[in-house]
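The block underneath contains the structure these notes are about, expressed in structure tokens.
All residue numbers refer to positions in the sequence shown, counting from 1. On a predicted model such as this, the values are computed, not experimentally measured, just so you know.
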Amino acid sequence: MKAVILAAGVGERLGSGPDHPPKALLRFGDKSLLARHMEILHHCGVPEVVIATGYRADLVEAELVAIGAKCDDDGFARCVLNPHFQEGSIVSLWTVRAELAGDGGVLLMDADVLYDHRLIERLLRSRHASCFLLDRDIEPGDEPVKLCVHGGNLVEFRKVVRGTYDYCGESVGFFRLSPEVARRLAETAETYVAAGRRGECYEEALRDVLLESPAGTFGFEDVTGLPWIEIDFPEDVRRAREEILPRLARPAPEGCG
């Protein structure tokens with residue numbers, strides 16, 4: 001199973017200008033988010049990481065070299081450039097469509113998350129071949145991407161949701177995809193781009209695959225109580241450093257198993 005990390009965006013809500021780094025290079029403690037991703041994925045036995053880059057792609061590649069992940073065909077991590085990174089994240093997903101369309105499963109991940117290694121362990125150990133992570137401690141408002149559950153099944157995946165459901169939680173932004181689902185997601189991204197819908201977020205394509213799939217194709221793991229935060233606003237950076245970072249557990253020496 002390979003990991004595919006979407007790290008192409010500008011992150012304008014955190015600032016702009018020549019000194020504005022990609023969000024994946026924000027540092028918490030003595031490590032960048034990217035370095036933390038690499039450490040956790042390597043610890044958990046993921047053999048290959050593909051990173052969709054765009055904004056300041058050179059800095060992302062330099063960081064991979066600096067931390068020993070090596071951005072080349074023979075290393076643990078390599079990059080795929082999205083030159084149209086100022087469009088919607090669906091274009092980044094489309095850019096890595098060949099990575100999704102392979103024979104193995106995929107961990108699809110947002111780059112801008114500070115998180116405990118146990119979230120990835122939950123995905124890898126899940127009985128569900130295709131799996132979302134759901135946190136019931138959801139922030140109010142339209143910003144969080146929500147997962148809705150009805151009768152034990154996922155029935156909606158969007159920021160603004162309607163319809164009938166038993167409860168909803170926030171999506172962490174990490175997804176385990178079976179080979180079949182990953183291939184279907186690649187096809188759906190291709191459909192969006194071919195239709196000129198390049199401004200869409202990638203979650204819309206994943207939602208389409210979720211809603212068109214038979215019940216039970218996707219499962220979820222409840223990670224309520226485990227520390228994580230998506231970094232979108234300056235307040236998120238503060239919370240990440242003051243509230244989340246001190247709560248992160250150190251991975252066990254034996255790995256994810």
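- With a 4.5 Å cut-off on side-chain heavy atoms, Asp208 and Tyr192 count as touching.
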Salt bridge (charged side-chain N to carboxylate O under 4.0 Å, His left out) between Glu143 and Lys159, intermediate numbers included: CA-CA 6 Å; Glu143 184 61 30; Lys159 288 188 176 184; 3.5 Å; yes
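- In this structure, Glu48 pairs ionically with Arg78, as a charged nitrogen and a carboxylate oxygen lie closer than 4.0 Å.
- Salt-bridge check for Arg238 with Glu235: passed, with a basic side-chain N closer than 4.0 Å to an acidic carboxylate O.
- By the 4.5 Å heavy-atom criterion applied to side chains, Ile5 and His37 are counted as neighbours.
- Between the side chains of Glu121 and His117, at least one donor-acceptor pair of N or O atoms lies under 3.5 Å.
- No side-chain donor-acceptor contact under 3.5 Å links Asp116 to the backbone of Pro227.
- The shortest side-chain heavy-atom distance between Leu14 and Leu26 falls under the 4.5 Å cut-off.
- Ser178 contributes no side-chain N or O that, together with a main-chain N or O of Ser130, makes up a donor-acceptor pair within less than 3.5 Å.
- Here the closest non-hydrogen pair linking Asn82 and Ser92 is ND2-OG, 3.0 Å.
- Within the 3.5 Å criterion, the main-chain N or O of Trp94 finds a donor-acceptor partner in the side chain of Arg97.
- None of Glu170, Glu204, Glu203 except one satisfies the salt bridge (charged side-chain N to carboxylate O under 4.0 Å, His left out) rule with Arg158; the exception is Glu204.
- Residues Asp222 and Arg122 are not paired through a salt bridge, judged by the lack of any N-O separation under 4.0 Å between the basic side chain and the carboxylate.
- The aromatic rings of Phe157 and Phe132 sit perpendicular to each other, their planes meeting at more than 60°, with 30° as the lower class boundary.
- In this structure the side chain of Leu226 never reaches within 4.5 angstrom of the side chain of Leu133, judged on heavy atoms.
- Remark: Arg136 is positioned above the aromatic ring of Tyr167, its terminal NZ or CZ atom under 6.0 angstrom from the ring centre and at most 45 degrees off the axis.
- Annotation: side chain of Thr217 is not in contact with side chain of Val209 (no heavy-atom distance under 4.5 Å).
- In terms of heavy-atom proximity, Gly151 sits nearest to Asp166 at N-OD2, 2.7 Å.
- For Phe174, the ring pair (Phe, Tyr, Trp, His ring centres under 6.0 Å) partners are Tyr115, not counting sequence neighbours.
- A pairwise comparison of heavy atoms in Glu243 and Arg247 identifies O-CD, 3.2 Å as the closest pair.
- Considering only heavy atoms from C-beta on, Leu41 comes within 4.5 Å of Leu107 through its side chain.
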